[in-house]
Amino acid sequence: MDIFKHFTSIVTSEVEALAGAGRLPAGLPTGYAVEPPREVGHGDLTTNAALVLAKPARLAPRAIAELLAERLRGHADVASADVAGPGFINLRLQDAFWQRQLDAILAAGTAYGDSALGAGEAINVEYVSANPTGPLHVGHVRGAVYGDALANLLQKAGFAVTREYYINDAGAQVDALAHSTFVRYREALGEAVGPIPEGLYPGEYLQPVGAALAARDGRHWLDRPQSEWLEPIRAFAIDAMMAEVRRDLKELGVEHDVFSSERALHADGRVARALAALQAGGHVYTGILEPPKGKKPDDWEPRPQTLFRATAFGDDVDRPLRKSDGSWTYFAADIAYHHDKFTRGFRRMVDVWGADHGGYVKRMRAAVAALTGGAGTLDIKICQLVRVLRAGQPVRMSKRAGEFVTLAELIREVGADAVRFIMLTRKNDAALDFDLAKVLEQSRDNPVFYVQYAHARCCSVRRRSGGAIPSRTDPAMLARLGDSGELSLMRRLALWPRTVEAAAEAHEPHRIAFYLYDLTQEFHAQWNRGNDDPAVRFIVPEDEGLTQARLVLVEAVRMVIASGLAVMGVKPVEEMR
RNA sequence: GGACUCGUAGCUCAGUUGGAUAGAGCGCUGCCCUCCGAAGGCAGAGGUCGGAGGUUCGAAUCCUCUCGAGUCCGCCA
């Protein structure tokens with residue numbers, strides 16, 4: 001149960017009751033909410049109902065607040081209801097109310113915080129979608145972790161989530177991959193190939209691919225013309241790279257449900273069909289674009305092009321659909337891809353892109369709007385750059401020289417859990433520094449350690465209790481939990497369902513990381529009090545009843561940490577080493 | 001020239017979708033601890049939210065303008 005929704009509905013029924021008694025006008029709107037107060041000193045809950053209702057009710061906010069507060073005081077869970085400031089109502093709840101929440105948490109386990117928000121609606125989250133021309137590197141990791149955590153989060157919020165990867169296996173880049181692989185193939189067969197030609201991929205990661213091809217086909221392709229080997233070797237290389245990508249992603253804990261091929265979209269006519277649909281809607285025409293101002297390409301020459309009328313849907317210019325040789329642009333294929341997702345039943349789509357694709361957002365949104373007549377929604381989340389720091393110094397990355405930190409290396413160095421956690425400690429659209437030393441530090445300013453440590457401490461309590469965590473609770477037992485630190489932990493736990501929903505709605509999984517940090521901070525603080533004062537320790541040998549109640553609290557904390565980490569895709573640890 | 005994202009404490013960043021005295025960590029200052037419930041604890045000082053207007057009962061949050069940083073800008077994907 002989300003306690004804030006619970007009390008919002010109580011306020012609503014009291015407003016109706018007051019209207020029924022003639023003390024408020026009937027038919028007032030319900031734009032108000034019961035929320036946690038920003039200032040803890042203001043109480044447990046606060047509502048702006050009187051402020052929101054003042055205008056439609058044509059009454060002073062404080063007068064409405066007084067009426068409502070009077071009614072709210074009559075509820076058994078409400079300890080006090082005070083009018084404050086311009087007309088807020090601050091509620092304090094009985095300890096028993098908070099204690100009762102522990103029941104709900106223990107009963108639900110890590111399902112506590114699951115929401116019906118999504119109502120089982122299908123949603124497609126597309127992420128990573130890196131070109132199959134090389135191994136994944138740090139530039140891809142953030143999107144991978146963000147997308148995966150978002151998918152987990154949406155699942156927890158009640159959506160039917162499909163995790164999808166779009167393979168850009170068409171176009172010049174995969175042809176270059178095929179040529180590069182052919183060079184490595186010749187090399188594997190003993191030829192002296194010299195330096196890798198300009199325009200091809202020089203990375204050593206293609207050596208094993210060439211060797212594997214040689215092992216499979218022997219010298220078969222050596223004297224054949226390019227027209228014969230290009231396609232089969234391209235397919236071979238793409239398969240090899242995608243196998244590596246999938247293996248690396250699996251190491252990171254990322255597994256997609258669906259891999260969609262761009263090449264297949266072209267091959268089976270889906271591109272042509274999508275574009276025909278766009279054309280039928282009157283969104284395609286032939287025209288001449290203005291050159292971009294301020295950065296005019298040297299070889300610019302005006303020419304008529306097949307254009308999508310993106311400006312009709314909020315974009316700045318209309319966008320080309322065909323290259324000068326008549327083939328489809330990448331954008332055209334991407335339109336077809338989103339059309340395909342929509343026809344597969346996804347009215348809701350999320351794309352996770354890197355910062356360098358920011359300029360592409362408007363046209364894609366425009367295309368989806370045009371294709372679906374507004375029935376499909378596309379949210380595009382941009383992940384800003386990650387700077388990897390070693391000893392406080394940025395690690396230089398040059399793709400051309402082939403020196404970049406790969407995902408596999410990153411995981412080998414600090415572990416998948418640390419990688420995932422750190423990637424979620426920033427909002428997706430803010431730049432992120434990844435300090436390789438800091439993530440392994442055992443201190444409070446390393447959130448990975450801090451949160452894991454809290455979970456380990458919970459497990460430690462459980463171990464030392466000898467497995468004596470009560471499976472059932474009763475109000476009398478939980479009534480022993482009256483310490484201020486215990487109560488603020490209970491209040492924090494009650495924020496979890498609300499945190500999940502808000503994060504899911506905003507598509508912001510980083511909020512989970514921040515919540516966990518706050519929760520564990522309070523847990524550690526309570527633990528530390530036990531260092532000085534044995535009476536507030538979780539295990540009090542001379543008081544079994546109190547210990548039982550506290551074990552319930554600790555177990556509830558552990559479950560919420562574990563379910564938060566599950567959303568982040570981080571494994572909770574039982575002990576620190 | 002334009003588009004997009006970001007400007008919040010000395011530093012790195014949150015900010016519950018417009019609420020009441022803007023939060024956390026680091027750093028700084030002070031006090032306490034040296035305890036395996038280890039990998040420190042507690043407390044304090046410190047920002048008017050880049051700047052200027054506007055909307056609102058109420059703005060870090062929405063609008064306009066402006067300054068600064070990053071990313072991007074036909075036929076690459």
Side-chain angles (χ1 to χ4, degrees), chain A residues 4 33 35-39 41-42 46 48 51-52 54-55 60-61 84-88 90 129-131 133 166 168-174 176 262 288-297 299-303 305 307 315-331 333-334 354-362 382 384-385 425-433 435 438 441-447 449-450 453 457 460-461 464 495 498-499 501-503 505-506 508 510-511 513-515 517-518 521 524-525 527-532 534 537-539 576:
Chain A
F4 302 97
E35 298 181 319
R38 295 201 170 216
E39 192 82 24
H42 291 153
T46 187
N48 59 355
L51 292 166
V52 174
K55 190 172 273 182
F88 292 100
N90 293 329
S129 299
N131 292 341
T133 54
Y166 182 47
N168 300 133
D169 52 1
Q173 292 188 4
V174 284
E262 179 189 0
I288 299 174
L289 288 178
E290 295 288 312
K293 287 174 184 164
K295 196 196 170 179
K296 187 170 177 174
D299 58 346
W300 177 274
E301 48 180 278
R303 75 163 65 88
Q305 289 179 296
L307 299 171
D315 200 357
D316 309 300
V317 291
D318 294 335
R319 304 292 179 174
L321 297 169
R322 284 187 193 275
K323 303 178 194 173
S324 51
D325 68 0
S327 64
W328 299 112
T329 58
Y330 177 81
F331 179 49
D334 218 358
D356 52 344
H357 288 65
Y360 201 75
V361 170
K362 278 190 179 180
I382 297 293
Q384 286 297 327
L385 301 177
T425 53
R426 289 286 176 274
K427 201 159 44 179
N428 61 287
D429 49 18
L432 167 65
D433 282 350
D435 190 320
K438 201 165 187 174
E441 206 171 274
Q442 299 201 333
S443 73
R444 180 173 183 155
D445 58 319
N446 174 10
F449 166 77
Y450 199 65
Y453 190 23
R457 275 182 160 172
S460 164
V461 170
R464 281 187 292 118
L495 280 172
R498 175 186 173 83
T499 303
E501 282 200 0
E505 268 183 316
E508 289 183 347
H510 76 278
R511 296 192 193 194
F514 282 91
Y515 170 84
Y517 190 81
D518 290 341
Q521 188 165 12
H524 285 305
W527 181 285
N528 292 330
R529 273 177 218 123
N531 285 334
D532 298 332
R537 292 187 179 184
F538 296 116
I539 296 178
M576 307 303 288

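Just so we're on the same page: letters track the sequence lines, and every chain starts at 1.
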### Query
Taking a pair as Watson-Crick or G-U wobble with both distances under 3.5 Å, which nucleotide is matched to C65(B)?
G51(B)

### Message
Just to be sure I understand the rule, does E505(A) reach a base, reach only the sugar-phosphate, or reach nothing, if contact means heavy atoms closer than 4.0 Å?
### Response
base

### Query
Once you round to the nearest 0.5 Å, how far does CH2 of W328(A) lie from NZ of K323(A)?
12.0 Å

### Task
Describe the nucleic acid contact of P36(A) in one word from base, sugar-phosphate, nothing, applying a heavy-atom distance below 4.0 Å.
base

#### Entry: Atom pair OH (Y360(A)) and CD1 (I382(A)), whose distance is rounded to the nearest 0.5 Å
12.0 Å

### Task
Look at all strands and tell whether L495(A) reaches a base, only sugar-phosphate, or nothing, counting heavy atoms closer than 4.0 Å.
nothing

### Query
With no angle test and no hydrogens, is the base of C75(B) tied to the side chain of R322(A) by a donor-acceptor pair under 3.5 Å?
no

### Task
For T329(A), report the nucleic acid contact type (base, sugar-phosphate, nothing); a contact means any heavy atom under 4.0 Å.
nothing

### Euclidean distance, atom OH of residue Y360(A) to atom P of C75(B) [Å, nearest integer]
9 Å

### Task
Give a yes/no answer on whether the side chain of R38(A) brings an N or O atom under 4.0 Å of OP1 or OP2 in G18(B).
no

### Query
If you check every side-chain atom of H42(A), which of A77(B), U71(B), A20(B) has the closest atom?
A20(B)

### Message
Just verifying a value: how many Å separate D169(A) CG and T133(A) OG1, rounded to the nearest 0.5 Å?
### Response
11.5 Å

### Message
Once you apply a heavy-atom cut-off of 4.0 Å, does E301(A) come out as touching a base, just sugar-phosphate, or nothing?
### Response
base

### Message
So for T46(A) and A20(B), does any side-chain atom that can act as donor or acceptor lie under 3.5 Å from a complementary atom in the base?
### Response
yes

### Message
Classify F88(A) by what it touches in the nucleic acid, base, sugar-phosphate, or nothing, heavy-atom distance under 4.0 Å.
### Response
base

### Task
With heavy atoms under 4.0 Å as the rule, sort A333(A) into base, sugar-phosphate or nothing.
nothing

### Message
Within the 4.0 Å heavy-atom criterion, would you say A84(A) contacts the bases, only the backbone, or no part of the nucleic acid?
### Response
base

### Message
By the 4.0 Å heavy-atom rule, please label H510(A) as base, sugar-phosphate, or nothing.
### Response
sugar-phosphate

### Summary
With B for base contact, S for sugar-phosphate-only contact and - for none (protein heavy atoms under 4.0 Å), nucleotides 24-44 of chain B reads SSS----------BSBSSS--

### Task
Select base, sugar-phosphate, or nothing to describe what A170(A) touches, counting heavy atoms under 4.0 Å on all strands.
sugar-phosphate

### Query
With a 6.0 Å cut-off on ring centres, are H524(A) and Y453(A) close enough?
yes

### Query
Is the backbone N or O of P320(A) less than 3.5 Å from a side-chain atom of T329(A), with the two atoms forming a donor-acceptor pair by type?
yes

### Task
Identify whether the glycosidic angle of U64(B) places it syn (within 90° of 0) or anti.
anti

### Query
Will you find, in the side chains of N168(A) and Y330(A), an N or O donor that is under 3.5 Å from an N or O acceptor?
yes

### Summary
Quick note, N131(A) side chain, CB onward, closest among A14(B), A20(B), A77(B) is A77(B)

### Query
Between R511(A) and E508(A), is there a side-chain N and carboxylate O pair less than 4.0 Å apart?
yes

